[in-house]
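Input: a single structure, listed below in structure tokens.
Side chains included, hydrogens not; waters and symmetry mates left out as well; all remaining heavy atoms used.
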Amino acid sequence: MKIYFVEEMRDGAVVASHSVPALTPFEAAAKATGRTVTLRNGDSEWVRVTDTTERPHRSRHRPTVFEYKAIGRRAT
């Protein structure tokens, strides 16, 4: 299982952050927000997921980042 760094974003600012163990970045976003997630489509409120366990390739200096949008209500 990988560790993902999940940030809840609003208009480009981080409003919450989490370190989440998960099998996929999609699952990490859902666990962190407690909501269903889908791919981001330019929304102002979104979720940024960074793979912290991946080692960047020599040609790529940045880690892999995924963008999602949380939908629905938080799980209780």
Side-chain angles (χ1 to χ4, degrees):
M1 201 172 283
K2 292 183 175 186
I3 304 296
Y4 293 94
F5 185 63
V6 181
E7 298 169 294
E8 296 180 52
M9 308 291 292
R10 184 174 300 127
D11 295 323
V14 177
V15 294
S17 62
H18 318 271
S19 182
V20 181
L23 295 175
T24 65
F26 190 83
E27 180 185 347
K31 281 183 173 181
T33 61
R35 298 166 66 186
T36 302
V37 295
T38 188
L39 296 177
R40 179 183 178 215
N41 191 18
D43 299 294
S44 62
E45 292 188 22
W46 56 288
V47 180
R48 178 169 54 200
V49 180
T50 305
D51 185 348
T52 62
T53 57
E54 180 182 86
R55 296 209 285 184
H57 300 286
R58 289 181 186 210
S59 62
R60 187 175 65 196
H61 300 287
R62 296 182 180 177
T64 304
V65 176
F66 304 89
E67 297 180 358
Y68 300 102
K69 175 185 176 185
I71 57 176
R73 294 183 178 178
R74 288 193 183 269
T76 55

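- Cluster membership for F66 and V47, using ILVMFWY side-chain heavy atoms within less than 4.5 angstrom, is shared.
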For residues 13-27, which side-chain N or O atoms pair as donor and acceptor with protein atoms under 3.5 Å away, sequence neighbours left out?
residue: H18; atom: NE2; partner: E8; partner atom: OE2; Å: 2.7
residue: T24; atom: OG1; partner: E27; partner atom: N; Å: 3.0
residue: E27; atom: OE1; partner: L23; partner atom: N; Å: 3.3
residue: E27; atom: OE2; partner: K31; partner atom: NZ; Å: 3.4

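- The shortest distance between side-chain heavy atoms of Y4 and T52 does not fall below 4.5 Å.
- Here the shortest heavy-atom pairing between A32 and V6 reads CB-CG1, 3.6 Å.
- Nearest approach of V37 to A70, heavy atoms of both residues: CG1-CA, 4.1 Å.
- Each of W46 and L39 belongs to its own hydrophobic cluster when Ile, Leu, Val, Met, Phe, Trp and Tyr are linked at side-chain heavy-atom distances under 4.5 angstrom.
- Taking CG of D43 as the reference point, atom CG of D11 lies at 11.0 Å (rounded to 0.5 Å).
- To the nearest 0.5 Å, atom OG1 of residue T38 and atom OH of residue Y68 are 10.0 Å apart.
- To the nearest 0.5 angstrom, K69 atom NZ is 16.0 Å from M9 atom CE.
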